[in-house]
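A short write-up of the structure that comes next.
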Amino acid sequence: MKPLHDLTVAELAAKLRAREVSAVETARHFLARAKSHESLGAYLAIDEDVTLAQARAADARIAAGETAPLLGVPIAHKDIFVTRDFPSTAGSKMLEGYRSPFDATVVDRLAQAGAVCLGKLNCDEFAMGSSTENSAYRPARNPWDPARVPGGSSGGSAVAVAARLAPAATGTDTGGSIRQPASFCGITGIKPTYGRASRYGMIAFASSLDQAGPMARTAQDCALLLSAMCGPDPDRDSTSLEIAPEDFTRSLGDAIEGLRIGIPREFFGAGLAPDVRQAIDTALAELRKLGARLVEISLPRTELSIPVYYIIAPAEASSNLSRYDGVKFGHRARQYSDLTDMYQKTRAEGFGDEVKRRIMVGTYVLSHGYYDAYYLQAQKIRRMIADDFQQAFTQCDVIAGPVAPTVAWKLGERADDPVANYLADIFTLPASLAGLPGLSVPCGFGAFGLPVGLQLIGNYLAEARLLNVAHRLQQVTDFHQRIPVAVDAVPEVRS
Ligand code: GLN
């Protein structure tokens, strides 16, 4: 029999429903693992009493004959979602010890579906970064090699799932933060269409880009979670789509015979590492064997997505983060001479370097005299990037390519080089700027035996199709079942 932590969400939910295992027993098992694997830096907050109380409530619901889809399944949330029962920090000192008076809509919806919360997961400060090294608390470590980054910003989520410290987790993706850590840690993650999931209670980074999504080992598990997470929230998030909740598991297993998969030329240029390219090519060959047809397409403005994103996201961040002024919530400097000095000291102490960098860039591109040259120009190109996708979708049904140009790098290797980090976002940014759904599915291993993810991008609201393509791939491959070194061994920390 497989140990509890090796079961998928679907398997675990079935066992719980059949009362072969209790929610309390399951929660205890994962809490113990989270503790013994603390050196991976996945969790920022754990509270056994809260988790076990939720598990007992789930057991009572099971005993009462309820059949919510995730009843008793433990999951953990990226610390960008606010929660009443756990602290919510966004990986920042600015919010150290902060307690929200309410739960984020996504947290609430998953709880209604029966999920039990194991705790809050590490992330880059305010979700800014791609390695989780920008967490103000500690870096997270890749379970395939603890000397390497797990990706980011949802790095804690990817580590928790890959190391079997949670069967599934939530993440958020503004420019790749679900897809890239999923790729680096060998798990599956999907960022839905912008507006699918409510942003209410998601600590804001760049509001026109931020989206919540699930991270799990299989596409089927992602489909289960995503079905529970999405749905309109008109009173609380005006950008949430007025579309009834959908069952994303319904088309899993459908044939993909004749499906046209677009291969963007620009995703396979000189910047793509040969080991990543090889894994991608092998996965594409598998999809072809399943009956898909590969068609070459072009996304001509792929490179421009970097400057465009790194203008728009900081611009929105500079506005969103102005709320951390030491007055209403979060950190306040201990000593100051007057109000302005209080603001300055509070923000100087509370924010880390990357966040300050983004606030400065964002303020600059929005300032009088530069707005037209930077922000407005970036908005125009953003529209063109979205149009390029619509052009591409006249020739294909889904788009496939790499998630990132390389496998996971070493901790510290790029910590002082923000631009190197920004450039590595090249393949995830286009779908974010267009608001399209994007998924990362394990598709092989590259240099140093590190996982590689295949990115699938769909047209608006095509999540079910993306999940099905990933599911079909997982039916004929076993990359998602391979076990990282840190799962059984308690990792020794080298660097
Ligand atoms: N790496 C990108 C950034 O630093 C994306 C982060 C994200 O999606 N939250 O902004």
Side-chain angles (χ1 to χ4, degrees), residues 77-81 90-92 121-136 139-140 149-158 169-184 189-192 194 197 199 202-215 305-318 320-321 351-362 365 378 382 402-406 408-409 414-415 417-440 453 455 457:
H77 294 295
K78 182 179 185 180
D79 206 13
I80 279 281
F81 294 93
S92 180
L121 297 165
N122 204 356
C123 58
D124 284 304
E125 186 174 4
F126 290 103
M128 298 175 189
S130 39
S131 69
T132 316
E133 290 170 293
N134 294 338
S135 164
V149 301
S153 64
S154 312
S157 308
T170 54
T172 63
D173 192 311
T174 303
S177 280
I178 288 176
R179 290 162 283 162
Q180 185 257 23
S183 171
F184 280 14
I190 180 167
K191 173 198 98 77
Y194 181 80
R199 287 182 297 109
M202 239 170 79
I203 296 172
F205 163 12
S207 308
S208 76
L209 295 151
D210 296 345
Q211 260 303 288
M215 301 170 78
S305 64
I306 298 172
V308 167
Y309 173 88
Y310 280 99
I311 288 169
I312 291 174
E316 294 184 20
S318 72
N320 273 325
L321 271 57
F351 290 137
D353 288 348
E354 184 59 27
V355 175
K356 286 177 184 155
R357 198 175 289 128
R358 306 250 181 147
I359 291 172
M360 283 190 281
V361 170
V365 299
R382 180 181 188 176
V403 172
T406 65
W409 54 85
R414 297 188 188 174
D417 191 351
V419 175
N421 284 295
Y422 301 168
L423 293 174
D425 291 338
I426 183 162
F427 303 133
T428 50
L429 299 178
S432 294
L433 289 165
L436 294 167
L439 169 155
S440 174
Q455 182 175 206
I457 300 170

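Read the numbers this way: they start at 1 and go in the same order the structure lists the ligands and their atoms.
- Note on ligand 1: Ala313 sits outside its first shell, no heavy atom being nearer than 4.0 Å.
- Ligand 1 has an N or O atom lying under 3.5 Å from an N or O atom of Gly129, backbone or side chain.
- Tested against Asp173 for a side-chain hydrogen bond (donor to acceptor under 3.5 Å, both in side chains), the candidates Gln180, Arg179, Gln211 yield a single pass: Arg179.
- At a 4.0 Å heavy-atom cut-off, ligand 1 touches Thr174 through backbone and side chain alike.
- Using modelled atom types, one finds a donor on one side chain and an acceptor on the other under 3.5 Å when comparing Lys78 with Thr172.
- Between Leu321 and Ala204, the shortest heavy-atom distance links the atoms CD1-O, 3.8 Å.
- Contact atoms of ligand 1 toward Phe205: 9 (N), 10 (O) (distance under 4.0 Å to a heavy atom of the residue).
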task = Using the side chain to side chain donor-acceptor pair (under 3.5 Å) rule, take Arg382 and Ser208 through it: C-alpha gap first, then chi angles, then the decisive distance, then the call.
result = CA-CA 12 Å; Arg382 180 181 188 176; Ser208 76; 2.9 Å; yes

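- Remark: of the listed residues Ser154, Ser135, Ser153, Ser135 is the sole one forming a side-chain hydrogen bond (donor to acceptor under 3.5 Å, both in side chains) with Asn122.
- Checked against a 3.5 angstrom limit, the closest N/O atoms of Asp425 and ligand 1 fall inside it.
- Using a 30° and 60° split on the angle between ring planes, Tyr310 and Tyr422 fall in the parallel class, below 30°.
- Contacts between Tyr310 and ligand 1 below 4.0 angstrom, taking non-hydrogen atoms only, involve the side chain exclusively.
- Contact record, Ser305 with Ile426: OG-O, 3.8 Å, taken as the closest heavy-atom pair.
- Considering backbone and side-chain N/O atoms, Met128 never comes within less than 3.5 Å of an N/O atom of ligand 1.
- Side-chain contact annotation: Ser207 with Asn320, donor-acceptor N/O pair under 3.5 Å present.
- Residue contacts with ligand 1 include Arg358, since one or more of its heavy atoms lies under 4.0 Å from the ligand.
- Atom numbering of ligand 1 starts at 1 in the shown order; those under 4.0 Å from a heavy atom of Ala127 are 6 (C), 7 (C), 9 (N).
- Per-residue contacts place Gly175 under 4.0 angstrom from the following atoms of ligand 1 (heavy atoms of the residue considered): 5 (C), 7 (C), 8 (O).
- The nearest heavy-atom contact from the protein to atom 7 (C) of ligand 1 is Ser177 OG, 2.4 Å.
- Nearest protein neighbour of atom 5 (C) of ligand 1, counting heavy atoms only, is Tyr309 OH, 3.4 Å.
- A 4.5 Å side-chain heavy-atom check between Ser131 and Trp409 finds at least one atom pair inside the cut-off.
- Counting heavy atoms closer than 4.0 Å to ligand 1, residue Ser153 contributes side-chain atoms (C-beta onward) but none from N, CA, C or O.
- In this structure, Tyr422 does not count as a contact residue of ligand 1, since none of its heavy atoms falls inside 4.0 Å of the ligand.
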